[in-house]
Structure formats: C-alpha cells, structure tokens
Visitor: 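My questions will all concern the structure given below.
Here is the naming used below: chain letters follow the sequence lines, and residue numbers restart at 1 for every chain. Note: hydrogens, waters and symmetry copies are ignored here, and every other heavy atom, side chains too, is used.
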Amino acid sequence: MTPPEPEDNDILRAENIVKRFGALTALDGVTLHLRKGEVLGLIGDNGAGKSTLIKIITGYHRPDSGTLSIEGQDVQLKSVSQARGLGIETVFQDLALVNELSVFHNMFLNSEVTFKPLPFLNNREMKKRTRKYLEDMGVKIQSIDVEVAQLSGGQRQAIAVARSVYSDAKILLLDEPLAAMGAKEGAMILDLVQRLKEKREVSIILIAHNYAQVLEVCDRVNLLQHGKIAYDEKASSTSIEELTELVVAEYRKARETA
Amino acid sequence: MAKQATDEISTADRVDAGGPRTDGVARLATALWRRREASIALVAILLLLYFQSSNDAFLSQGNIRGLAQSGYATAIIACGLVMLLICGEIDLSVGSVMGFAPIIVYLADQEFVFPIAVVVALLVTSLVGLLNGVITVYLRVPSFVTTLGTLFLLTGLNVTLTDGFPKPAPEESGLTRILGGGAFSGIAWALIIVVLMHLLLTRTRWGLHTFAVGGNLVGASEAGVRVNRVKIGNFMLCSALGGFAGIMEAIRINSVDPLAGGPNVMFLAVSAAVIGGTALAGGAGTIIGAFFGTAVLAILRNGFTLQGVSANTFNIILGISILVAMTLNVYVGRLRRSGKT
C-alpha cells in the first residue's frame, strides 16, 4: 500500500518505523498519520505489532529506524515521561492502576497535587478534581475513596481514561480498552470515546478487535499486518465485511505459503 | 493488607462521614476495626496492663528506661524496613550496618572532628544501601539474596576493621549526649523518626510512589513513576537509619563493638513491621503499626524477664506470639475486607 500523504493538520506522524526484537521484526516500516481531533482505529491480528507501535509512540521502546513527529516537529522519545511532557498519554491494557491505592490517588498517580512549596499531598484538592473529572465524563463510581481493586473492569478503565485525558493529553492512545469488557461496560467506554470525539480537543488512537465498535466511534481505520500498515480508509467508506475479508484473506495467504 | 494505603489518608474522613450523632464508643470500635495500627496498639496496652498487674516493678522508672533502651534501635530500623517491604523489597543487612556505622565513626574520628565523622558514617551506610539497591534493581538479584550477601560482607568487615576487639566509644560531647548519651535520647529520636517517616509515607509523593511500586510495579512505571529510584532511595534510607541507630547504640553502651547489631535485631524489626500490619509481599504497611509492633516485642521480652522466665523459654514464647499475631492479622484482615464490600 502506498503510504499516506502528510497533511497540514497531522498531529502525529510515524514514518517508516522499524523495530526488531532479536530475530523478530515486530514493525517493518510502519507509516501512520493521526490528524488533529480524529479518532483513528488501529486493528490487526495478535502479533501484528499494534502494542509495539503504541509503545514506540509513548516512548517505552525506541525504534531501530524511522522518525516520529508531533505537530510537525521531529522528536526522539527517550522515556515515557518525555512523551507525556509532549502530551502523549496512554491507557495500557493493564491500565497501570495500583489496586492498593484509592481512586483519587490513582487518578493523580505521578502528577500528584502538593501544597507547593511544601512536599505534602493535597488530598482535598485531588479529591475535588477527581469528582469533577469523573462527573464531566459521565463516569459513576460509588466513592472515590475506595481502592480501585473494588471497582468493576469498566470503572477501572474509565478511571484510566479519565486520568489520561485530564493530564493535558493532546494524543491519547487506548490499547484495547474494550478487551475483556462486558457489553454494558464496553458501551460505557464507547460513550466516553464518543464524548471526547465531540469535544475534538484530543486526538485518539483506539486499538480494538471488534470491528463493529471500531466503526461506531472511529473516523478512520488503519489495518496493521506483519508489521506494516496494510489498509487505511475512512470509517464511513468501509464496512465490517470488508475489514473481515482483508484479515481473512491475509490468513489464507499465510496458510497457503506455509 | 491492601486496605492500609488509602486508610492512612482517608479513614479520618470516612469515620467522620458517619454523621454527627456517631457515638464515641462506636467511633472507637470503627477506628480499631479499620486501622491495623489501632489493634496492635491495643495489644501493647493490654500487655502493659497485664505485666503491671502481675509485677509492680514493671512500670517503675528504671524499668521504663530499660524498655525504652531495649526497643528504640529496633523501632528506628523497623521504619526503614517498612518502606522497603512496602515497595516489595527487604534488607537483611541492616543489622550488620548497625554494627558497621560506629566503626566508620571510630575510623573517621581519627581524621576529622566527631560531627563530621558521624556524617561520614551516615554517608557510607547510605552507600551500602545504594549498593544493595543497584544490585537488586539493575542486576535483578532478589533483594533477599543481595542483602544476605551484604549481611555477611559487613559482618566480616566489622571484625576485620577492628581486629576483632571493641574500640573506645567517641569522647563525650554535646553531640554524643544528644545521640544516645541521655537515658531517653534513644527513644526520643525513635519517636521523632517515627513521626517523620510516617509523614513521608502517608503525606508525600515519595510515600505514595512507594505504595505504587509495591502494589503494581509495571503499572507504576507505565504511569511514569521512577520505580528504580524509589526502590534504591528506600534501600539507602533503610541503611542510613540502621547506621544512625548503630551510632546511638555505640554511644549508649559506650563501646564500639564489632559484634553489635547483627541479624537478630534485623529479624526483630521485620517481625515488628509485619506484626504491625506491613505486607511482606509489598503494597501495604504502616510506620505507626511497626512502632507498636516493636513495643509489643519489647514489652513481651521485658515483662517475661521480670516474671523470671529464662531467655530460652522467652524465645519459645516470642515465636508463638509472632505466629499468633500473624495468624490473627491475616484472619482479621480477611474478615475486614469481606465485611467491606
């Protein structure tokens, strides 16, 4: 497939990203563009390299070659905190929540509010903001004082998303937020993404397996296969059938050559 | 137990939320139920009452001084161990660091003035913590093994550096009087350190990150917490506290003993931490609980000694008490958790 043309309103461009782990080539020249305010669905089978790509964009891994640029500026990400400083926030599959800590401490993990210049935690302020954030996002939780261990999977996901959104994210990466989620909870997360999309303040890359859900909220879909972007189309110009056919065709081809 | 972390910070609010009519007894009961420190504190008080009723000498001034002097070093070391245990590590070498620090003071005292020698000793003990931390974090050797190594290393070094003979304690000065010269200076320092460490653990980012690292290492690092720094920092803190306790102990007994400290005091401190509610698996624990845990152990030993129980029998009783306390803690913790949801 020919790589997409750069556009003026690209907030993120990954060009020709290659990443190898020993003999395994996880990413083999990925070119992906994210436009400002859009929700981009990233699909692909297990092992296609989705998580590796996300971890490169978030500064967790460094690419072997290729470039990343944010708002037209080339960047070399060396750490997760550097990427975060540039407005890239991720909700990982494991959510990066600490079960033993309360909702509001998780909400502010590593960006805690303190009584500056004193180093003490300002719990009251963190609770206040947590309540407001969750309310804005339409997330209902019994109490923000409880440990996150006591929350449902959907609530935990919502907290992780809210945490990312409210830490001044420009680019939000959602790594399979819908996996292991019941129908009702999945709908709650999709609602959340829809709400963020309407505001258009944050650009989102959503990784998911369920094509129906991807087409429901995404503006555009990219299919990752064997470490390359194999398909790039507007959500309105494609269908579940087409996406399924692409993946299945690839599977058949792989089986025949095997 | 997972509860502690948030409890530390928010129990007060939650208990208050019971409404203005909540009566005092109910509040006390709730507080006892919610906070593990409260239950271990209650055990300490009950033991005090029991030993006092069986022997009037127990709460005499002389015996209180004895209690304070036998427990303060363990209490200080337990603070450092609580931090390490919460972030999922352990330091078995801290008892040997306790013996190591006064030897460094003795050696440095020959070159510098005494206050500088103390600073040098604290720096050197922090370096031991740095070594423990770096080997554990970067070379991925489990801290149990790393610190077992430094335990033997320092035990040997302590004897080698002194040729196996006790050395004279630092000459008396204003600073030595503050650091353990007075009858109650040890316990006063222990209380100050307990308060400061409690604030560090429950009211600062460092403390919150310590919980996060022990609770979910990968998650904390994905959230951007510098997990290696937190762990290494706590190793250094633990060693420095061990060194500080060791210097005070040398001043108190007026001798730099190459065999001071050692695994016994370390294991007592670990027991105190665990009896006080710190999870060996990480993610939960309290400084105050460890302090009361130390108090319980010191009261048990002192009380049984007053009753004429021999040291050998005492260890049997201590062992049983620890097993009972741990079992109760696990059991009550489970009850508490199931009752909450």
Visitor: After noting the C-alpha distance and the side-chain angles of A:His61 and A:Phe21, does the key distance pass the ring pair (Phe, Tyr, Trp, His ring centres under 6.0 Å) rule?
Guide: CA-CA 11 Å; A:His61 289 321; A:Phe21 296 103; 5.2 Å; yes
Visitor: Side chain from CB out, backbone as N, CA, C, O: work out which of these in B:Val218 comes under 4.5 Å of a heavy atom of chain A, or both, or neither.
Guide: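 Just the side chain, heavy atoms under 4.5 Å.
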Visitor: Determine, for A:Arg195 against A:Asp191, whether the closest basic-nitrogen to carboxylate-oxygen distance falls under 4.0 angstrom.
Guide: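 Between A:Asp191 and A:Arg195 there is no salt bridge, as every charged N stays at least 4.0 Å from the carboxylate O atoms.
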Visitor: Between A:Asn123 and A:His105, is any side-chain donor less than 3.5 angstrom from a side-chain acceptor?
Guide: yes
Visitor: What part of A:Ser111 gets within 4.5 angstrom of chain B, counting heavy atoms only: side chain, backbone, both, or neither?
Guide: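 Backbone only.
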Visitor: Where on A:Tyr60 is there a heavy atom nearer than 4.5 Å to chain B: the side chain, the backbone, both, or neither?
Guide: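 Just the side chain, heavy atoms under 4.5 Å.
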Visitor: Taking the six-membered ring for Trp and the single ring otherwise, decide whether the centroids of A:Tyr166 and A:Tyr133 are under 6.0 Å apart.
Guide: yes
